[in-house]
Each structure stands twice: as structure tokens, then as C-alpha cells.
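To start, the structure under review is shown below, and the notes come after it.
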Amino acid sequence: MAEPLLRVDNLVRRFGGILATDHVSLDVVRGELHAIIGPNGAGKTTLISQLTGHLAPHGGSIHLAGRDISRLPAFRRSALGLARSFQITSLLPDFTAADNVALAAQAHDGHSFRFFGNARKEPALRRAARAALERVGLGARADVLVSRLSHGEQRELELAVALATRPQLLLLDEPMAGLGITESARMVKLLSELRREVTIVLVEHDMEAVFALADRISVLVYGRVIASGVPAEIRGNDEVRRAYLGDQHVVTRRV
Ligand code: ATP
């Protein structure tokens with residue numbers, strides 16, 4: 001089998017007496033959309049934060065494309081092609097959508113934030129920003145202030161910000177959170193397109209979205225991976241049903 005793009009091996013993270021990541025091992029194959037699901041407090045965000053380098057593991061290792069990145073700081077991982085869709089709170093509300101993406105592209109390319117003034121004018125950055133905005137369907141909203149974008153548009157902008165760094169692995173932490181029915185249907189459509197271009201790890205509570213999008217699903221409960229497999233295997237797994245899915249109907253997606 002080809003080497004996985006991401007290999008997590010025996011990862012451990014504690015918070016005091018809580019084992020938030022309990023010897024987690026998982027592989028993400030290049031080209032797949034790999035969903036991570038589990039109840040509140042299962043350790044999903046903690047895992048993502050260790051992948052990005054924002055939280056140090058207490059044990060285990062993380063390899064990206066065969067390279068051990070376990071001890072690399074976040075900006076080095078970003079330079080290697082790992083991007084996290086940051087929460088809306090990291091967007092700059094008084095700047096336009098295009099400025100936000102241009103800043104992300106500039107920061108990724110190793111320039112200093114001091115030159116942000118230039119980033120807004122620099123033609124190459126403007127073009128990259130426009131392309132990323134077009135990619136998420138926000139082309140016509142490029143010059144609108146973030147504070148004037150709808151919640152759904154801000155989530156799409158987060159994706160554009162992540163895409164501007166040209167990632168090989170995109171980590172998405174609850175991109176559907178807070179979205180209405182129409183907006184989440186748009187997000188599912190967008191992710192179904194993006195998955196053809198970039199490998200995605202998706203943490204999400206919207207099970208209809210997860211089962212519509214995922215090639216494989218790993219289930220975290222109390223920091224442990226209790227199951228990993230294709231959607232049909234997860235849906236049919238008794239332990240997963242007991243621990244998480246219960247009687248949820250996850251076969252069809254509302255649109
Ligand atoms: P949710 O679905 O609600 O977002 P999650 O699966 O992302 O939950 P985490 O937020 O990773 O779960 O939390 C895992 C466990 O670690 C929880 O018990 C949580 O209380 C604990 N935890 C997370 N971050 C911290 C922290 N900074 N300090 C102390 N405990 C923490």
C-alpha cells in the first residue's frame with residue numbers, strides 16, 4: 001500500500017488527569033476525505049491541534065508524507081502543506097474578504113506581517129486571493145468587509161484562507177457549525193468539490209454531511225479510536241452505535 005499522507009502513531013495528550021488523546025493511531029491516505037467523529041469531549045479538537053502543532057503531544061508521533069513533524073512548530077508544518085481552517089474569530093472583521101486571504105497567502109510565503117500594507121496591493125497576492133475566493137464561490141464578495149459577510153460566507157472565507165496556502169492536507173474543524181440548512185448544503189457541495197483537489201481531515205458533528213462526504217471515518221470516544229473504516233462499516237458497527245450514533249438516521253443528506 002502507498003505511504004499515507006498523514007500517519008499518526010500512538011499519540012498521547014493529557015490535561016491533568018484526563019487522557020484527551022489516548023494512544024491514537026490513524027492513517028490518512030492521499031486523496032481521501034477522512035472524517036473524525038465522536039461525542040463532545042472525545043478529543044477531536046485536541047487531536048487536530050496536535051496535528052497542526054498548536055498543542056504538543058505527550059507521546060507518539062506524527063508523520064506528513066513520510067517526514068516526522070511531531071516536534072515542528074506550527075509555521076513549519078504550514079510550510080510543508082498542512083492547513084487548518086481557522087475559526088471565524090481569526091478573520092479580520094474590518095478588512096475585506098480579499099485582504100484576509102491575501103494576508104494568509106503572504107504570511108504563508110514567509111513574509112512579515114509588517115508588510116501587510118503591501119499585501120493588499122501586491123498583484124500576485126491579489127491574484128492568489130481572488131482565485132481562492134472564486135474557488136469557494138465568494139468571487140463576487142471579494143471587496144466586502146468581513147463584518148458584512150453572512151455567517152455562511154465567513155465559513156467559506158475561512159476555507160479560502162486555508163486554500164490560499166496551497167495545502168496538501170486540509171484540516172477542517174466543524175465547518176458546518178452554526179450553519180442553517182441552505183448554508184450547510186452549500187458547504188457540503190463545496191467540500192465535495194474540494195475533496196477532488198486536496199486531502200481532507202474533517203471533524204464534524206453533522207452526521208448527514210459526514211456520511212455524504214467521507215471516504216473513511218474514524219470514531220473517537222474518550223480519546224480512543226474505537227473504530228475506523230468506510231461509512232458502511234461505521235454505520236454497521238455496534239460499538240459505534242452504542243457510543244455515539246445511537247438511532248441517528250445518517251443515510252440520506254437533506255439538501
Ligand atoms: P467537542 O465535540 O465538544 O468540540 P472534542 O471532541 O473536540 O469536543 P476536546 O475539545 O478535544 O473534545 O476535549 C477533549 C477533552 O480534553 C475534554 O475532556 C476536555 O475537557 C479536555 N480539554 C481540552 N482542552 C483542554 C484544556 N486546554 N485544558 C484542560 N482540559 C482540556
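Order of listing sets the numbers, starting from 1, for every ligand and every atom in it.
- Between the CZ atom of F95 and the CG atom of L103 there is a distance of 8.0 Å, given to the nearest 0.5 Å.
- The single protein non-hydrogen atom nearest to atom 3 (O) of ligand 1 is N40 OD1, 3.2 Å, given as residue, atom name and distance.
- Atom 6 (O) of ligand 1 has K44 NZ, 2.7 Å as its closest protein atom, hydrogens excluded (heavy atom only).
- Within ligand 1, the atoms closer than 4.0 Å to a non-hydrogen atom of T46 are 9 (P), 11 (O), 13 (O), 14 (C), 23 (C), numbered from 1 in the order shown.
- L163 CG to E156 CD: the interatomic distance, rounded to the nearest 0.5 Å, is 11.5 Å.
- Two residues are said to be in side-chain contact when any heavy atoms from C-beta on lie closer than 4.5 Å; L92 and V146 fail this criterion.
- Polar contact with ligand 1: present for A42 (N/O pair, distance under 3.5 Å).
- Not a single N or O atom of G38, backbone or side chain, sits closer than 3.5 Å to an N or O atom of ligand 1.
- The contact set between ligand 1 and A20, taken as ligand atoms under 4.0 Å from a residue heavy atom, comprises 15 (C), 16 (O).
- Remark: E134 does not engage R130 in a salt bridge, criterion side-chain N to carboxylate O under 4.0 Å.
- A salt bridge links D99 with R126: the distance from a Lys NZ or Arg NE/NH1/NH2 to an Asp or Glu carboxylate oxygen falls below 4.0 Å.
- Atom 16 (O) of ligand 1 is approached by the protein to below 4.0 angstrom, counting heavy atoms only.
- In this structure, atom 8 (O) of ligand 1 lies nearest to the protein heavy atom G41 N, 2.8 Å.
- Protein heavy atom closest to atom 21 (C) of ligand 1, with residue, atom name and distance, is F15 CD1, 3.8 Å.
- With 3.5 Å as the limit, one finds no donor-acceptor pair spanning the side chains of D68 and S61.
- Atoms of ligand 1 lying under 4.0 Å from any heavy atom of P39, numbered from 1 in the order shown and given with element: 6 (O).
- Less than 4.0 angstrom separates some heavy atom of E174 from each of these atoms of ligand 1: 4 (O).
- At a 3.5 angstrom cut-off on N or O pairs, I18 does not count as close to ligand 1.
- Between L80 and L64, the closest heavy-atom pair is O-CD2, 3.8 Å.
- No salt bridge links E239 with R242; every basic N to acidic carboxylate O contact stays at or beyond 4.0 Å.
- Looking at atom 10 (O) of ligand 1, its nearest protein heavy atom turns out to be T45 CB, 4.0 Å.
- Of all the heavy atoms in T52 and H54, the pair that sits closest is OG1-ND1, 2.7 Å.
- Among protein heavy atoms, the minimum distance from atom 12 (O) of ligand 1 is reached at G43 N, 3.1 Å.
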